[in-house]
Each structure stands twice: as structure tokens, then as C-alpha cells.
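Have a look at the structure below, then the notes.
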Amino acid sequence: MTRETRVQASRRTILKGVAATAVALLPAPFAVGQTARIKLGLMLPYTGTYAALGKNIDEAVRLAVGEQGGKLGGREVEYVVLDDESEPAKGAENANKLVTRDKVDFLIGTVHSGVAMAMVKVATDNDTMLLIPNAGAGAATGAACAPNIFRTSFSNWQPGFAMGKVAAGRGRKRAVAVSWDYAAGHESVDGFKEAFTAGGGKLEKELFLPFPNVEFQPILTEIAALKPELVYVFFAGGGAVKFVKDYAAAGLKASVPLVGAGFLTDGTLEAQGEAAQGLETTLHYADGLDFAKDKAFRAAFRKATGRDADVYAVQGYDTGQLLVAGLAAVKGDVKARTDLVAAMERAEIDSPRGKFTLSKAHNPVQDMYLRKVQGLENKYVSVAVKALADPARGCKMA
Ligand code: BEZ
């Protein structure tokens with residue numbers, strides 16, 4: 001059995017029965033110098049409402065590294081995997097385990113903004129490289145931005161802002177927003193509000209419920225009473241599935257258009273079924289993009305996993321691609337930090353979403369697409385905002 005096969009096999013075994021909290025795979029002998037393995041610490045949700053998101057990120061990071069023969073900058077790669085359970089209260093302890101106990105060269109994570117901000121603090125305190133493959137917390141590439149912190153996904157503000165523009169551009173005037181009561185929900189709604197208000201609309205009410213609560217009935221009753229012209233939401237994973245179904249079951253879909261950040265319908269369509277048909281969302285990925293890279297990636301991801309790719313898989317793959325670019329430039333020497341960071345900063349990522357570069361704050365500058373659900377696809381409709389950069393408020397590097 002090759003080392004990589006062993007990694008795959010043991011990871012599968014572990015993740016099968018997991019109530020697992022922290023699982024270190026391959027506490028392998030770590031030789032010194034250039035022949036030592038590069039340790040990637042994958043801190044992701046493998047259980048809970050965001051489990052499917054974490055799994056796709058994990059497998060797509062490995063796909064990108066696998067395409068390089070399992071090496072980065074000429075060095076073999078070792079993975080250390082930890083289930084963060086999307087639990088902010090355990091974020092710092094978990095990240096510290098990877099940094100101080102496992103001595104990873106790169107922290108990679110996570111999905112949930114609250115957990116990601118705990119990782120940002122640990123990465124900052126220990127000067128560890130951190131790559132964020134999903135969580136859109138504004139501060140990670142805003143007030144808390146740092147040379148060692150990179151994000152390959154989006155800021156929560158970006159898709160929200162794009163949908164606010166689309167809605168205002170259609171002449172909508174009265175909206176209500178719904179989300180979970182944590183950073184991602186608030187920032188997504190703030191992005192929507194900023195563009196919607198600038199375009200002449202009014203966000204009349206913001207309704208929040210605790211993460212990961214899915215008791216939506218009281219909120220749906222309130223929406224029915226308020227009768228807005230549209231409802232903007234941020235939900236993802238299992239919560240998105242439930243919200244879309246409940247919204248349709250409450251009879252609101254026909255009378256009050258439901259729009260959202262694209263996480264509402266990404267990776268969820270099979271479970272949402274008829275209830276999702278026709279929904280419009282904005283995101284930095286869509287089905288039907290005409291990029292050779294996208295076609296190749298989707299085929300490769302399907303072959304490797306037996307599943308269709310979604311935005312989370314794309315982000316994981318691009319995290320791998322950013323590592324490939326950075327480590328190639330320093331020939332695998334993770335200690336050559338200045339050159340490593342410089343190479344990552346100037347990388348142009350040939351992403352399945354379309355090529356993108358990173359802003360000075362280390363967040364993707366990327367097109368935001370308007371998509372519409374058709375069957376099992378979030379079909380590309382148009383570019384809602386071209387090359388949208390997060391404002392990076394409070395970032396001293398920007
Ligand atoms: C977040 O917490 O930032 C987040 C979670 C799931 C999807 C998108 C963003």
C-alpha cells in the first residue's frame with residue numbers, strides 16, 4: 001500500500017463513524033530538511049450542518065495536490081485532519097492542537113466564520129501560514145488581515161453585495177433579510193443592504209435565528225405578514241436545504257421571490273428538489289461556465305469522488321492550487337516565508353470559477369455570477385458584478 005493510499009484508507013475509516021473531534025492522521029516520522037514532508041492541517045467540519053461542505057473542500061485540496069504527484073515544491077505531503085464541528089468555542093483549542101502538537105506547516109480551514117476567526121488569532125499569534133478555503137468572515141481579510149493569512153473563497157460581503165445590486169437594478173424597493181445570527185449571516189445581509197440601499201431599495205427588516213437552528217416557522221409567519229417584494233437570505237448546507245423546503249411549503253415561493261447568496265442552492269439541489277426550482281442567487285461559481293479549467297476540474301472531481309463538484313469543491317481545489325504556486329516558487333522551502341508569501345500574492349489562479357488574483361488583503365478579486373436553479377444545476381445567467389473586490393475595511397496591508 002502506498003503512503004497516499006494509506007492516508008485515504010485511514011481517513012475513510014475514521015470519518016465513517018465520527019463523532020470524532022480531533023483526529024491526527026499519520027503522526028509520521030518527520031525528517032529534517034528538504035526531504036521532510038510538508039504538513040497540511042485540514043481543520044474542517046466533518047460533522048454537523050456544514051459536514052458536506054468540509055468533505056468537498058478536503059477532497060478537492062487532495063485532488064489538486066494529487067495532480068502534482070502528491071507533492072508540493074518537490075516535497076511529499078502529509079495531512080493532519082481535525083473535525084472542527086463548526087463550533088467556535090472549540091476553535092482556538094483545535095487550531096492550537098494543529099499548530100503546537102502536530103506542528104503543521106499550513107493551517108487550512110475552515111467553513112464557519114466564527115471558527116475561522118479563532119484560527120486567524122492562532123495563526124497570527126504563532127505566525128503560522130493560514131489558508132481559508134471557505135469562511136467569509138470580513139475581518140480575516142479586513143481588520144485582522146496579515147501577510148500569513150490568505151483566503152481562496154470569498155468574503156461574505158461579496159455575494160450579498162452582488163445580489164443587492166441585482167435586486168435594486170430590477171426596481172425592487174422593499175426587502176426583508178433572514179439569516180443565522182453570526183458573522184456570516186450579518187455580513188452577508190450587510191453586503192446586500194449596502195448595494196440594495198444605494199440602488200434605491202429599503203431593507204425593511206432583518207430577521208435572525210441562532211446558528212444552526214432550523215426552526216423557521218415563526219420567521220416565515222412574519223414574512224407572510226410583512227409582505228415584502230423580496231426576501232434575501234444567507235443559509236448554507238443542511239440549513240439551506242430546510243429553509244428552501246419550508247419556504248415553499250409555507251406557500252411563500254409563489255408570492256414573495258426568494259433570493260440569496262448562492263450557498264442557498266449550492267451542493268443542496270438534490271435534497272431541495274422542486275422547492276428550489278427557479279431560485280436566483282449570486283455567487284463566484286455557477287454551472288455552465290465556459291472555461292476549459294472548469295470542465296477538466298468537474299470531470300476530475302467526479303472521477304475522484306463519484307460526486308458532482310460544487311462551489312466548496314472549487315474553493316478546496318483553488319486552495320491546493322495556491323499552495324502549488326507558492327511552494328513551487330520556493331522549491332518546497334516553507335521557511336523562505338517572504339518569498340513564499342510574495343509568490344502566493346502574485347499568483348493568478350486558473351480556477352474553475354474563472355481566473356482570479358488576490359487583493360492586497362489576500363482575498364479573491366472575482367466575478368460574481370447571477371445563477372438560476374434549473375433541475376440539478378445553478379445555471380449561469382450573467383455576470384452580476386465584474387471583478388468584485390471586498391472593501392477590506394480596516395486592513396492595513398490594503
Ligand atoms: C461562513 O460561516 O462564513 C460560511 C459558511 C457556509 C457557507 C458560506 C459561508
Side-chain angles (χ1 to χ4, degrees), residues 43-58 60 83-91 94-95 108-120 130-142 144 149-163 177-192 208-214 232-244 260-269 272 281-285 310-316 318-319 353 363-364 366 368-369 371 378 390:
M43 182 165 150
L44 293 164
Y46 294 96
T47 53
T49 198
Y50 287 161
L53 290 59
K55 183 175 156 111
N56 272 8
I57 291 169
D58 173 313
D83 180 10
D84 68 39
E85 306 166 66
S86 293
E87 181 47 86
K90 296 182 188 166
N94 281 334
I108 299 176
T110 185
V111 169
H112 185 289
S113 275
V115 182
M117 286 314 296
M119 296 178 78
V120 164
L130 169 63
L131 273 70
I132 304 174
N134 182 73
T141 56
I149 296 166
F150 285 80
R151 177 155 52 201
T152 55
S153 50
F154 59 92
S155 75
N156 290 314
W157 178 92
Q158 285 176 308
F161 183 85
M163 184 45 86
V178 185
S179 194
W180 278 314
D181 188 9
Y182 82 102
H186 285 277
E187 292 171 5
S188 182
V189 169
D190 286 350
F192 173 81
F208 293 98
L209 74 168
F211 175 87
N213 193 330
V214 289
Y232 173 82
V233 302
F234 166 88
F235 288 111
V241 171
K242 174 97 171 16
F243 187 84
V244 165
F263 314 106
L264 185 68
T265 54
D266 228 82
T268 55
L269 290 176
Q272 287 164 332
T281 60
T282 41
L283 202 63
H284 47 288
Y285 190 55
D310 59 10
V311 70
Y312 309 105
V314 169
Q315 294 167 175
D318 291 341
T319 301
R353 75 187 89 168
N363 190 65
Q366 55 195 338
M368 287 286 140
Y369 304 114
R371 312 108 49 86
N378 285 287
D390 178 82

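Both counts, for ligands and for their atoms, begin at 1 and track the order of listing. A quick note: this is a predicted structure, and the numbers were derived from the prediction, not measured.
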Task: Close-contact set for ligand 1 against H112 heavy atoms, below 4.0 Å - done: 2 (O)
- [ ] Not counting sequence neighbours, which residues clear salt bridge (Lys or Arg N to Asp or Glu O under 4.0 Å) with D310? List them please.
- [x] none
Task: Side-chain heavy-atom pair T110, M119 within 4.5 angstrom cut-off - done: yes
TODO: Check each atom of ligand 1 against the heavy atoms of F154 and keep those under 4.0 Å away; list them by number with element.
DONE: 8 (C), 9 (C)
Task: Pair Y285-Q315, side-chain contact (heavy atoms from CB on, under 4.5 Å): steps then yes or no - done: CA-CA 10 Å; Y285 190 55; Q315 294 167 175; over 6 Å; no
Task: Winner among N134, T110, I132 once heavy atoms are compared against atom 9 (C) of ligand 1 - done: N134
Open item on the list: Just to confirm my output: which protein heavy-atom neighbour is closest to atom 2 (O) of ligand 1, and how far is it?
Closed with: Y182 OH, 2.5 Å
Task: Atom indices of ligand 1 within 4.0 angstrom of A184 heavy atoms, with elements - done: 1 (C), 2 (O), 3 (O)
Task: Selection from W180, Y50, F211, F263 by shortest heavy-atom distance to atom 6 (C) of ligand 1 - done: Y50
Task: Side chain W180, main chain N213, donor-acceptor under 3.5 Å - done: yes
Open item on the list: Heavy-atom distances under 4.0 Å decide this one: backbone, side chain, both or neither, for S113 against ligand 1?
Closed with: both
Open item on the list: Under 4.0 Å from a heavy atom of A135: which atoms of ligand 1 are those, numbered in the order shown and with their elements?
Closed with: 3 (O)
TODO: Using a strict 4.0 Å cut-off to heavy atoms of A236, name the atoms of ligand 1 that fall inside it.
DONE: 6 (C), 7 (C)
Task: Residue pair Y232 / S188, side-chain donor-acceptor N/O under 3.5 Å - done: yes
- [ ] Could you walk me through whether L53 and F263 pass the side-chain contact (heavy atoms from CB on, under 4.5 Å) test, one step at a time?
- [x] CA-CA 10 Å; L53 290 59; F263 314 106; over 6 Å; no
- [ ] Output all residues satisfying salt bridge (Lys or Arg N to Asp or Glu O under 4.0 Å) with D390, sequence neighbours left out; order by chain, then residue number.
- [x] none
- [ ] Examine distances only and state if a side-chain atom of D58 and a backbone atom of G54 form a donor-acceptor pair shorter than 3.5 Å.
- [x] no
Open item on the list: For ligand 1, which is the ligand I care about here, please tell me if G136 has any N or O atom under 3.5 Å from one of the ligand's N or O atoms.
Closed with: yes
Open item on the list: Among all protein heavy atoms in this structure, tell me which lies nearest to atom 1 (C) of ligand 1, with the distance rounded to 0.1 Å.
Closed with: V111 O, 3.2 Å
